[in-house]
Amino acid sequence: MICEIVREAIDVRAIEASVLAPSCGGIVSFCGVVRERADDGREVEGLYYEAHEGMARASFMAIAEEVRATMPEVRLAIVHRVGALSIGEVAVAVVAAAPHRAEAFAAARFAIDALKERSPIWKQERYCDGERVWVENRCSGERQ
Amino acid sequence: MICEIVREAIDVRAIEASVLAPSCGGIVSFCGVVRERADDGREVEGLYYEAHEGMARASFMAIAEEVRATMPEVRLAIVHRVGALSIGEVAVAVVAAAPHRAEAFAAARFAIDALKERSPIWKQERYCDGERVWVENRCSGERQ
Amino acid sequence: MRLFAFARLRELLGERRDVAVADGATVGDLWEALVREEPRLTEFARGTRFARNDRLCSAEVPVRDGDEIALLPPFGGG
Amino acid sequence: MRLFAFARLRELLGERRDVAVADGATVGDLWEALVREEPRLTEFARGTRFARNDRLCSAEVPVRDGDEIALLPPFGGG
C-alpha cells in the first residue's frame, strides 16, 4: 500500500506499476486534475494545496486498511500532491488493482471519497483575476 | 471519443492525454490486465483475443453515444487489443474524463460493463499445461 | 454471400468462405446447411448469434447475394 | 506546547508558534486565548477541528507541555 504526500508531479504510471501484481485482472486509476473553471464558473489560474502531512498520510493508511479489511485482494495506492499546481496537473491519484474489476472500482471510489471527507488537506483556488479562496469539500462527496 | 481495436500494446497514457480537456477535474482509467490465474485457479500462460472488428468498433461507438446522451460532459475512450497477450499486458482500456469524479467513475464502469456484454470480442485462455479454452463472459458483469 | 466465423466456430468452419445460397434462403437455412456439413456445430446452436452485413439479425432474415453473414459465439471481451 | 495552523487559519496566525499554557488548560482554553488575540478567528470557530499530537481531539482535552496542537479548518483535498 502506497500512501504519500508529495511536492513534485505525481507519476501515475510508476504508481500503477508498483500496485499491479500478476494476480490482478483489473486496475482502476482515478486522478483529480486541476481544471480551468471553478464550480461557479470563475476562471482558475491554478490551485494551491497544503496538508497536515503526518495526519494526512495516517488518514490514507487508515483508508487503505479499511479497504484491506473488506476487500483483502485489492492493492491500493493513495498519493496527494501539495504546493502550487497548474491547469491539467494531477493533484491526487488513487490506484486500485484487484483480481476482478468490481473490487478495483469500489476500492478506488471509496478511497477518493474517504480522502475528501477525512484527510487534513486544504485547497486554495487561485483565480485569473488575482483573488484566492480556500475551498471546502462538500461532505456529500459528489463533487470533484 | 476514441473507439478502437488495436493489435499492438495499448498506450494508456496517450489515450488519457487525448481524452483530458481543461474542463476536466477527474479522470478514471480502467485497464483489464492479463492475470496469471483463471477463475478456477488454473495457471495461465497468456490470452488470445479476437474480434469482429467492424462490429466491435461500432459497439464501442454505441456505448460512447449512450454515455454522451446521459452524461454530455464526459469524454470517453474505449480501446481493446486483439491477438496474443502475456501476463500483465493490457487487454482493454476505458478512460473517462469529466468535470467531476462521479460522472467519470460512472461512465468508465458503464462502458466496461457494456463492452463485456455487447461487444463481439472473444477470449481464449491458454493454460500453462497447453490446453486452450474459449471463455465466455457472464452476463452479470461482475467478473473481470 | 460470404460467411465469417469467430472463436470456436472459426476453429470448426475456418475464418471465412464463400457460400452459394438458394433463392429465398434465410440465415437459419444457412446455419442448418452448415450443421449438416459439420455436425459438431449442433452443440453451439443455442449460444450462436448471427449478423448480416455487420448488424445482429435473426435466423428469419433472408440472405442475399453479396451479403456478409457472421456467426458469433457468446462474447468474452474485456 | 507548539501550535500549528493550516489554510485560512495559518494566514491569520502564522504557520507555527510556541505557546505557553497554564496548568490544566484545555485545547478549548487555548482556542479562547487565540480568539482574544485575533478576533477574526471567531467566524471560524464552528468549522475548526483540533488535533493533539497528530490525532483529532475534542476541546476538552488538556494541553501538556511538549504537545503539538493543530488547528484544522474544513478539509478541501482531492
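Every chain is numbered from 1 and lettered A, B, ... according to where its sequence line falls, protein lines coming before strand lines.
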- Task: Let me see the working for A:R37 and B:S23 under side chain to side chain contact (heavy atoms under 4.5 Å, CB included), right down to the final yes or no.
- Result: CA-CA 7 Å; A:R37 289 191 186 279; B:S23 62; over 6 Å; no

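- In this structure, B:F105 and A:F30 have parallel ring planes: the angle between them is below the 30° cut-off, well short of the 60° mark.
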- Message: Please evaluate residues B:V33 and A:C24 with respect to the criterion side chain to side chain contact (heavy atoms under 4.5 Å, CB included), reporting the C-alpha separation (whole Å), side-chain torsions for both, the decisive distance (0.1 Å), and the verdict.
- Response: CA-CA 7 Å; B:V33 179; A:C24 298; 5.8 Å; no

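- Annotation: side chain of A:R35 is not in contact with side chain of B:P22 (no heavy-atom distance under 4.5 Å).
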- Apply side chain to side chain contact (heavy atoms under 4.5 Å, CB included) to the pair A:V12 and B:E16, showing each step before the final yes or no. CA-CA 11 Å; A:V12 184; B:E16 287 177 346; 5.8 Å; no

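- In this structure, chain A has no heavy atom under 4.5 Å from any part of B:A104.
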- Item | Worked verdict on B:V28 versus A:R109 for side chain to side chain contact (heavy atoms under 4.5 Å, CB included) | CA-CA 10 Å; B:V28 171; A:R109 186 63 201 268; over 6 Å; no

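- Atom CD of A:E8 has 12 or fewer neighbouring heavy atoms from other residues, nucleotides or ligands inside a 6.0 Å radius.
- For A:A98, no part sits under 4.5 Å from any heavy atom of chain B, backbone or side chain.
- Of residues 66-90 of chain A, those residues lying under 4.5 Å from chain B by any heavy-atom pair are A:I87, A:G88.
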